[in-house]
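See structure below.
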Amino acid sequence: MYAQMVETGTKRLKTLEEMSPEERDFQEKVDAETKIEAKNWMPDGYRKTLIRQISQHAHSEIVGMLPEGNWVTRAPTLKRKLQLMAKIQDEAGHGLYLYSAMETLGADRDEEIQKLHDGKAKYSSIFNYPTLNWADMGAVGWLVDGAAIVNQVVLQRTSYGPYSRAMVRICKEESFHQRQGYQILLDMMREGTQEQKDMVQDAINRLWWPALMMFGPHDDESPNSQQSMVWKIKRKSNDELRQMFIDQTIPQLEFLGCTVPDPDLKWNEERGHYDFGEINWKEFYDVLKGDGPCNRERVATRKKAIDEGAWVREAAVAYAAKQKQRAEKAA
Amino acid sequence: MTQQEALQEYLLRLADSDMILGQRLSELTGKAPAVEEELAVMNVALDLVGQARNWYEYAAELIDDGRDADKLVFLRDAHNYRNLLMVEQPNDDYAVTTARQFFFDVWHYFTLKSLVNASDERVATIAAKAVKEATYHLRRSSEWVKRMGDGTEESHRRIQDAFNLLWRFTGELVTPDDVDQAMFKAGIGPDPEQLKQDWFGMVREVAAQATLTVGEEDAWMYMGGKRGEHTEHLGHILAVMQFLPRAYPDATTW
């Protein structure tokens with residue numbers, strides 16, 4: 001789940017009667033689970049919401065490389081280093097793939113990236129937390145990729161065709177990352193020293209709540225969700241997805257022999273789900289606004305990379321123009 | 001120096017150069033000039049570290065003192081590293097990163113191309129896989145050298161400065177020592193004379209297309225990596241790379 005609180009621009013839902021014929025036709029297609037493709041008519045709000053959501057998702061893949069880049073140079077074995085490098089490479093690939101899906105909607109990649117650098121576009125709040133020990137590379141894979149998968153598996157059925165297809169491919173790789181991340185933690189818990197086990201618990205303690213925040217605010221605090229659900233951009237609500245994640249993660253946590261920093265967490269026989277404590281929503285909104293531990297560094301690093309790389313991209317464009325000119329002259 | 005000692009030494013050179021350049025490239029995570037480059041840089045880094053692992057595993061078998069590939073990477077100090085000085089130079093701006101890659105790739109490509117025919121079967125097998133990757137690396141870095149050299153005024157200036165800056169490390173690529181000679185005589189390593197010719201031939205050709213000038217063959221050259229005398233950079237690279245195994249010596253699994 002790399003998109004949180006995506007603005008839809010609608011105050012209330014329209015009934016079928018209130019819709020124009022085009023809108024009605026579109027909505028009936030969505031209701032019939034027919035995928036919307038780039039060349040199909042779509043409401044402006046649908047297009048804009050998708051651009052916001054897919055670009056957030058793409059930005060998250062790219063910004064998400066930074067907390068891992070913090071440890072790739074310090075990976076402790078050749079195997080772990082190669083795995084982490086491959087994971088980072090996959091994420092760059094996801095970013096590119098998603099930007100392409102976004103461009104099918106008429107958006108421009110450079111413009112959307114500029115919005116990110118100007119602080120106008122969001123990316124997942126989770127990447128504003130620092131990675132402080134090696135076990136974070138396991139915990140990020142397990143919890144962060146895990147939370148992402150819960151959302152993305154559902155998004156494979158999202159109504160927009162190119163986004164849905166991107167999700168199918170991305171989910172396969174994310175599942176692989178999640179298993180790898182879990183294995184890092186499991187190996188340390190089973191065969192590691194006490195210091196290594198402490199690293200694992202420390203990583204989980206720090207990342208648990210931020211991972212739960214990835215699903216966004218409560219449903220009743222999520223004004224845009226309803227419209228997104230009707231458009232079938234979103235398929236399940238924030239709270240539903242969060243509950244799914246917790247239910248599937250706690251048994252894995254117990255298998256590790258670790259705990260989460262939530263005294264209220266317990267199995268509820270009646271509900272058939274885990275109960276859990278309240279998220280610190282002030283922290284969530286602070287991070288979203290830019291006041292998280294690493295917001296400033298993350299955006300500054302991305303901005304610097306693109307700004308300082310401008311001459312490289314310009315060189316490529318200039319060279320291509322010269323080559324074309326030469327080819328034309330020769331012809 | 002027996003032939004096996006020479007081979008061990010030679011394998012460590014190949015492994016260490018791949019490893020340190022892979023490490024340098026991975027420092028660029030999230031910092032490349034375009035998303036496409038993030039992908040390409042990490043791809044090259046991944047190939048290099050993968051190749052390094054193959055060379056280290058063979059070296060560890062020959063050395064046979066209980067150290068495995070990981071111990072060779074994470075528990076040797078700088079003076080025991082045998083990488084070329086070129087690959088330990090900092091990323092600096094992207095022109096330096098590109099020039100470093102290009103000079104290395106030309107050397108790497110011709111070296112591996114020759115190692116494919118090595119009398120040592122294991123070397124030939126590892127090289128056969130590696131040369132395919134190195135062919136792509138060389139094509140990519142050559143293309144960037146041309147784009148920068150024949151791109152804008154600024155890019156031309158930057159890549160020319162980078163060529164000038166790094167030229168002093170190129171001598172080590174093509175100046176054979178006893179180990180290189182021994183490997184050639186054993187039918188394993190490339191003919192040093194041929195390698196030198198090939199390296200200059202390719203570098204001059206690409207530079208000409210890129211409208212760049214290259215330094216003199218007899219310019220002063222900074223050498224020493226192959227015998228463990230490095231620039232100041234390597235110690236810092238290792239301090240980062242080896243941090244965990246050094247800080248937690250009792251940890252046997254990660």
Shortest non-hydrogen separation from B:Leu39 to A:Ala92 and the atoms involved: CD1-CB, 3.6 Å

Chain A contact via B:Ala32 - which portion, at a heavy-atom distance below 4.5 Å: backbone

Can we say B:Arg158 and A:Glu308 salt-bridge, meaning some charged N sits less than 4.0 Å from an Asp/Glu carboxylate O? no

Under 4.5 Å, counting heavy-atom pairs only, tell me which of A:Lys79, A:Arg313, A:Glu91 racks up the most with chain B. A:Arg313

Using 0.5 Å steps for rounding, measure from the CZ atom of B:Phe74 to the NZ atom of A:Lys81. 5.5 Å

Is there a side-chain contact between B:Met19 and A:Leu78 (heavy atoms, below 4.5 Å)? yes

Count the heavy atoms belonging to other residues, nucleotides or ligands that lie under 6.0 Å from CD of A:Gln325, then report whether that count exceeds 12. no

At a heavy-atom separation under 4.5 Å, does B:Tyr94 approach chain A through its side chain, its backbone, both, or neither? both

So which residue, B:Glu154, B:Glu143, B:His156, B:Gln242, ends up with the most heavy-atom pairs under 4.5 Å with chain A? B:Glu154

Who among B:Leu28, B:Asp70, B:Asp150 has the most heavy-atom pairs with chain A under 4.5 Å? B:Asp150

Taking A:Arg74 for its side chain and B:Leu244 for its backbone only, find out whether a donor-acceptor pair lies under 3.5 Å. no

Proximal component of B:Val73, with respect to chain A [non-hydrogen, under 4.5 Å]: side chain

Top contributor to chain A interface from B:Gly22, B:Ala95, B:Gly149, B:Ala40 [non-hydrogen pairs under 4.5 Å]: B:Ala95

In chain order, what residues pass the side chain to side chain donor-acceptor pair (under 3.5 Å) check against A:Arg206, with sequence neighbours excluded? A:Asp136, A:Asp202

Beyond-backbone contact of B:Phe243 with A:Trp71, side-chain heavy atoms, under 4.5 angstrom: yes

Please check if atom CZ in B:Arg246 has more than 12 non-hydrogen atoms from other residues, nucleotides or ligands closer than 6.0 Å. yes

Which bit of B:Lys146 is near chain A, if near means a heavy-atom gap under 4.5 Å: side chain, backbone, both or neither? both

Should A:Arg109 and B:Glu36 count as an ion pair when the cut-off is N to O under 4.0 Å? yes

